[in-house]
Amino acid sequence: MERETAKIDEFIARYGLHQGALIQVLQDIQGEFHYLPREALEYVSEKLGTPLAVAYNVATFYNVFSLQPKGQNHICVCMGTACHVRGAQSILDKFRRELKIEVGETTDDLKYSLDKVACVGACALGPIVVENETYHAHMKLDKVGKLLKRGGRK
Amino acid sequence: MASFDDLVKRRGEIAAGRAPNRATLVLGDGTCGRASGSSEVRAALSEAISSLDTEKRLAFRTTGCHGFCQIEPNVQVLPDETLYVHVKPENAQSIVEAALSGKVLKNLTFKDGQKKSCAKITDVPFYKRQMRLLSGLNVYVDPLRIEDYIAIDGYQALAKALFTMTPDFVVEEVIKANLRGRGGGGFPAGWKWDSVRKAEGEPKYVVCNADEGDPGAYMDRSLLEGNPHLVIEGMLIGAFAIGSHEGYVYVRNEYPLAVQNLIVALDQAREHGLLGKNILGSGFDFDIRINRGGGAFVCGESSALMQSIEGRPGEPIPKYVHMSERGLYNKPTNLNNVETWANVPFIVNRGADWYRTIGTEGSKGTKIFSLVGNINNTGQVEVPMGISLREIVEGIGGGIPNRRKFKAVQTGGPSGGCLPADCLDVPVDFDQLTKLGSMMGSGGMIVMDEDSCMVDVARYFTNFLVEESCGKCVPCREGVMQLRDILNDITQGRGREGDVELMEDLSKVVIDCSLCALGQSAPNPLLTTIRYFRDEYVAHIHDKKCPARRCTALISFRIDAENCTGCALCKKQCPTVAIAGEKKKTHVIDPEKCIRCGACFEVCKFDAVIKE
Amino acid sequence: MNAKEHTLTIDGRSITVKRDTLLIEACKKLCIEVPTLCHNENLKPYGVCRFCQVELNEGKRTRLVPSCVYEIRKDGLTVTTDSERIRNNRKWLIQLLLARCDRQKDVLDFAAKHGVAPVERLTKKNDDCILCGQCVRACSEIVGVGAIGYERRGEMREVTSPYRDKNPVCIACGTCVYVCPTHCIAMTEEKGVRTISRYAGEKKMVVREAKMLTCGKCGNYFLPSPVAEVFAKKMGIDPTVFTCPSCR
């Protein structure tokens, strides 16, 4: 945990030692470790002087945070209105069937995690699936299999 | 830069460094562009230009969105205003050569409905009827280069305000211009500024709401990604007028490129003396911090947004003392939307009188809309207020694709409603749409064709709001959830007599009793669809049928023996092995195994799969 | 203009109050009892149950405001605490709570008191908590330790300890237990140990198990030791010095 503590201290230094920094620090931790380890949350709440119950509330309130590790390939299916109208639900259902996990879960081998997101703001190109940082536009049901076969960072 | 003169001098230096008649290639490289492959085109164009050793004769600029998202990657050639669509990396060489010789590559131009080539942007139907006052600047600005913004008179309004105007005068101009909040509330920005200016308490804060949670709306993303300095300048002017020295931009987490570009822009502004202490030598201090959202639609609500900046869960607070008196950290706070801030430099530069010439009596200026869904020309549309829905959907949007018919247009996001074809001639502004039960909202405009089920649309929005509700108050947490459950029942064939009346009664209570605007407007999608599409509800409940053939529990798929060629494509796609058949012989779907995912319907090339 | 007092009319009767007085308090001064589930005089206003909503006319329009949160800061307000609209809204709010806590005695009693029957069509959930937030707020504002809080949001919102695990900052004082209107937080004592918990069976969540201090004189258990430690620290004395109420 020592190396992690040093990294977390770095993050805190960016925003300052006060409650207002909580969400920004947690964002950096989520970005770095791909989830919020319990020890990290406890450490941050102590450092910022916030009760753990409040930090835990923040960690479970916002979609961006996860208390469980995300997969190597984090798949986000956009479920915005424009994408919904173009069939996003069936695409999400296909991912669920293929990966055998529910939204918010990660496969046992930690290779894939599946999430849905309300809207990524690329509505003209829907249905959109974001895989890590890559945006896959005009998604179709038969493209789902191809995406999963490639299964790795580009 | 430490004075007004320095700014003018710098602008002159930048202009001098640019050959006046040099052609410029402009590539749209925003989030949409990149999702379509603009990064590869960018690399190819850079290489083509450097390999042909043409840097002196041809400039290359990468920018944010140009608005016509579906034809991306797109390249514009200035000053001719030639537009190339669906550009691929292999086109790079020819584009560069054509630009140098002043030729136009016809094969890459936009083809209209009659397959006619529209070489110039002004010929393209999508652009013709727009008034791209704010969004049009994206083409001239690389968001990572402040010089581009200064070159087009950027920060001129700020200098004008700081050195030739008083804060009171600036507030009066904004009031006179009747700039109304573009985030959906439509509250006169000038009055808000005035209240904050007069409120007691220090420090005073200005906040930019870039949470843009309405699914289908991304105008703010385009502005923030493509021209962050426009928004920064607006905030600077507002801060000067109000007497604030600290600002926040609250950007939703799902817009990483906007955050990146904003960080660079803020740094460059500081380097140039436009942000921080003693701005342009005027004695005025102001700086801006960025706060990333955590993925919660409710944080678009002002009190929830401020809770989030304070490091708490985004739960709205019942406030009967305005934000202008007790807002962020209980201090006077002025919060405005991205697009609202972006309008401010124009008002200061050209005056409130000029601004009032655009728009209608109650709604001045332009509005950017996100025109998406089942529409031919999808993208960001900027028009003067008062233009009709029909002009937007048909004139600019080009109507419905695939020869389907228009059914409804959803405006105002989850707080808004669905309007049918009868309402198409209504002028779009803050007040007219509200009269019909919907609202303009932040500008999302989702067009739906006859294949959309309006009951499913209501269910979709209601479910969205259930998932985004903070859960604090009883009417929203419990009420909207119950509405969603009944809608689920109806779309899955379990609707009961009296459901519509029950939902109408419950909706009234949710509207009356909810703590914040999320709950108060949650029943709108449901109520407008009942108002304009009641027959669909009746069909789902009485006849257990979905007229649009969308609700999977109420439809079935079968294969038409006449059209089926036995190619087995459907069989390969079927996830539950519900399709049987030998090669070149008619295939059959087993209704017991079929989960109605629609994969076979999507993949069949012979129209042999029937959905009923 | 910051006047120190304001005059308003509630149900036709006039009253003058200090500026920033809560509307619900003004009603109380006139012996008008406004029903509420989440309001507690000892806690900061929360405004989430929506029962205390009254009709407020400020001259231009009438709107509903939660009286537990609304501060009186101007003159000329006209308030109506009972009307068809208010009664209809309260009826529905109770029906929503009946659906949520369809077997919880306190909620059933509350509904019966207001003459409201459940709506069969609504989805039922056998919950025992109405999320009034008094426990969380009391622990944070009065006790000052903030041992419990909320988890998630929307229909998934629940009151829990962090990670649904024991939280050492809880001093087992029982304030949350006393303040809960549906008695859904359990406090038990066995063999000298006090346990604060929620739920039963698989879902059981224990917030704290605290040893009880014995009385120096009679030897009976009477105070959780973490509470004794808090007081002892403040007073600068040894906690074992405390004696139980009967022996004092």
Side-chain angles (χ1 to χ4, degrees), chain A residues 15 18-28 30 48 50 54-55 57-65 76 78-91 93-94 97-98 115-126 128 130 133-138 140-142 144-145, chain B residues 31-32 34-36 68-70 72 212-218 220-222 253-256 291-297 299 308-315 329 370-374 378-379 410 413-414 444 446-448 452 457 460-461 464 467-468 470 573 575 595 597-599 602-603:
Chain A
Y15 309 104
H18 61 120
Q19 163 100 36
L22 180 61
I23 297 173
Q24 306 306 300
V25 171
L26 291 181
Q27 294 237 359
D28 286 354
Q30 174 80 32
L48 296 182
T50 313
V54 174
N57 190 5
V58 165
T60 56
F61 182 92
Y62 292 102
N63 284 349
V64 71
F65 300 130
C76 278
C78 180
M79 300 295 282
T81 321
C83 290
H84 171 80
V85 152
R86 291 187 186 182
Q89 184 68 50
S90 0
I91 293 180
D93 289 339
K94 181 143 191 203
R97 283 195 302 268
E98 298 276 322
D115 267 318
K116 58 178 183 172
V117 61
C119 179
V120 298
C123 315
L125 308 170
I128 297 240
V130 186
E133 267 124 52
T134 313
Y135 286 68
H136 299 276
H138 302 296
K140 279 195 163 56
L141 283 170
D142 54 7
V144 171
Chain B
T31 300
C32 283
R34 291 180 192 196
S36 305
F68 200 177
C69 310
Q70 68 180 73
E72 299 206 77
E212 194 167 58
D214 285 0
Y218 58 108
D220 294 346
R221 173 181 70 64
S222 295
N253 180 65
E254 292 85 342
Y255 288 171
N291 242 78
R292 286 162 293 171
F297 170 78
C299 287
S308 189
I309 293 180
E310 293 180 21
R312 298 203 194 90
E315 294 169 2
Y329 295 112
S370 190
L371 188 61
V372 295
N374 304 125
T378 45
Q410 209 281 339
I446 300 153
V447 182
M448 299 173 187
S452 290
V457 168
Y460 165 85
F461 277 115
F464 172 81
E467 291 178 352
E468 296 295 336
C470 78
Q573 286 296 322
I595 59 166
C597 72
E602 203 184 271
V603 88

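Just so it is clear: chains get the letters A, B, ... in the order the sequence lines come, proteins before strands, and each one is counted from 1. Quick caveat: nothing in here was measured; it's all calculated off a predicted structure.
- With a 4.5 angstrom heavy-atom cutoff, B:Cys299 touches chain A only via side-chain atoms.
- For B:Glu602, the part sitting under 4.5 Å from any heavy atom of chain A is the side chain, from C-beta outward, and nothing else.
- Taking chain A as the reference chain and counting heavy-atom pairs below 4.5 Å, the highest number among B:Gln70, B:Arg312, B:Arg34 is found for B:Arg312.
- Of the listed residues (A:Gly80, A:Cys123, A:Gly145), the one with the most heavy-atom contacts under 4.5 Å to chain B is A:Cys123.
- The contact between B:Pro256 and chain A is made entirely by side chain atoms (from C-beta outward), counting heavy-atom distances below 4.5 Å.
- For the options A:Thr50, A:Asn63, A:Asn57, heavy-atom pairs under 4.5 Å to chain B are most numerous at A:Asn63.
- Residue contact with chain B, scored on non-hydrogen atoms closer than 4.5 Å, is absent for A:His138.
- Interface check for chain A: of the options B:Gly216, B:Gly444, B:Gly213, the most heavy-atom pairs under 4.5 Å are formed by B:Gly216.
- In this structure, chain B has a heavy atom under 4.5 Å from the side chain of A:Val117, while its backbone stays farther away.
- With a 4.5 Å cut-off on non-hydrogen atoms, A:Lys94 touches chain B through its side chain but not through its backbone.
- Inter-residue side-chain proximity for B:Cys597 and A:Asp93 is flagged as unmet; no heavy-atom pair is nearer than 4.5 Å.
- Classification of the B:Tyr460-B:Phe464 ring pair by plane angle, with boundaries at 30° and 60°, yields parallel.
- Heavy atoms closer than 4.5 Å to chain A are found in the side chain of B:Tyr255, but not in its backbone.
- The main-chain N or O of B:Asn291 is never found under 3.5 Å from a side-chain atom of A:Gln24 such that the two would form a donor-acceptor pair.
- Each side chain to side chain donor-acceptor pair (under 3.5 Å) pair with one or both residues in residues 78-87 of chain A, not counting sequence neighbours, appears once here: A:His84-B:Asp456.
- Of all the listed residues (B:Ser452, B:Ser370, B:Gly293, B:Ala217), the one sharing the greatest number of non-hydrogen pairs under 4.5 Å with chain A is B:Gly293.
- Residue contact with chain A, scored on non-hydrogen atoms closer than 4.5 Å, involves the backbone of B:Ile309 exclusively.
- Looking at A:Met79 and B:Glu467, their side chains never come closer than 4.5 Å, going by heavy atoms from C-beta outward.
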B:Ser308 vs A:Tyr62, test: side-chain hydrogen bond (donor to acceptor under 3.5 Å, both in side chains). Steps then yes/no.
CA-CA 10 Å; B:Ser308 189; A:Tyr62 292 102; 3.0 Å; yes

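- Considering SG of B:Cys32 and OH of A:Tyr135, their distance stands at 9.0 Å, rounded to 0.5 Å.
- In this structure, chain B has no heavy atom under 4.5 Å from any part of A:Ala21.
- Side-chain atoms of A:Gln19 and A:Val54, non-hydrogen and from C-beta on, do get closer than 4.5 Å to each other.
- Side chain of B:Glu468 to main chain of B:Phe297: a donor-acceptor pair is present (N/O by atom type, distance under 3.5 Å, no hydrogens or angles).
- The greatest number of non-hydrogen atom pairs below 4.5 Å with chain B, out of A:Gln89, A:Gln30, A:Gln27, is found for A:Gln27.
- By the 4.0 Å N-to-carboxylate-O rule, B:Arg292 lies close enough to A:Asp28 to be salt-bridged with it.
- In this structure, chain A has a heavy atom under 4.5 Å from the side chain of B:Ile595, while its backbone stays farther away.
- Of the possible donor and acceptor atoms, none in the side chain of B:Glu72 sits under 3.5 Å from a partner among the backbone N and O of B:Ser36.
- Looking at A:Asp142, the atoms closer than 4.5 Å to chain B (heavy atoms on both sides) sit in the backbone and in the side chain alike.
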